Student: 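Submitted below is the structure of interest, expressed as structure tokens.
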Amino acid sequence: MDRQPDLWNALRAHGIDADDPQIREAVRATLATITDVEQHSGRYVARRCAEAIHQALAYQLQHPDTDDMSRFEDEWDGDTP
């Protein structure tokens with residue numbers, strides 16, 4: 001995390017509350033996992049794992065559980081046709 005001092009600003013620029021402790025904890029845990037993979041298996045494997053995590057998270061955001069429709073509701077301002 002210290003190698004990327006602008007990370008939190010980059011997240012804020014994308015509308016993410018980078019000061020939320022839970023968000024910081026999740027980001028740090030994810031990056032620590034990638035760092036561990038890099039140390040054990042090398043940069044190439046770590047890069048592939050980071051790409052897989054990125055795609056998995058994107059999928060989860062695009063396909064939320066039906067009880068979490070906040071993104072859909074936000075997108076449509078809660079209006080129903």
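Remember, predicted model here, so these are calculated numbers, not experimental data.
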Student: So do Ile34 and Arg47 actually touch side chain to side chain, heavy atoms under 4.5 Å?
Tutor: no

Student: Which distance, rounded to the nearest 0.5 Å, do you find between the CG of Asp17 and the CD of Gln22?
Tutor: 10.5 Å

Student: Quick one: closest heavy-atom pair of Leu31 and Leu7, and the distance?
Tutor: CD1-CD2, 3.7 Å

Student: Roughly how far, to the nearest 0.5 Å, is the CG atom of Leu11 from the CD1 atom of Ile23?
Tutor: 8.0 Å

Student: So does Glu51 have more than 12 non-hydrogen atoms from other groups sitting under 6.0 Å from CD?
Tutor: yes

Student: Return yes if some donor-acceptor pair links the side-chain N/O of Arg43 with the main-chain N/O of Glu38 below 3.5 Å, else return no.
Tutor: no

Student: Calculate, to the nearest 0.5 Å, the distance between atoms OG1 and CD belonging to Thr30 and Glu25 respectively.
Tutor: 10.0 Å

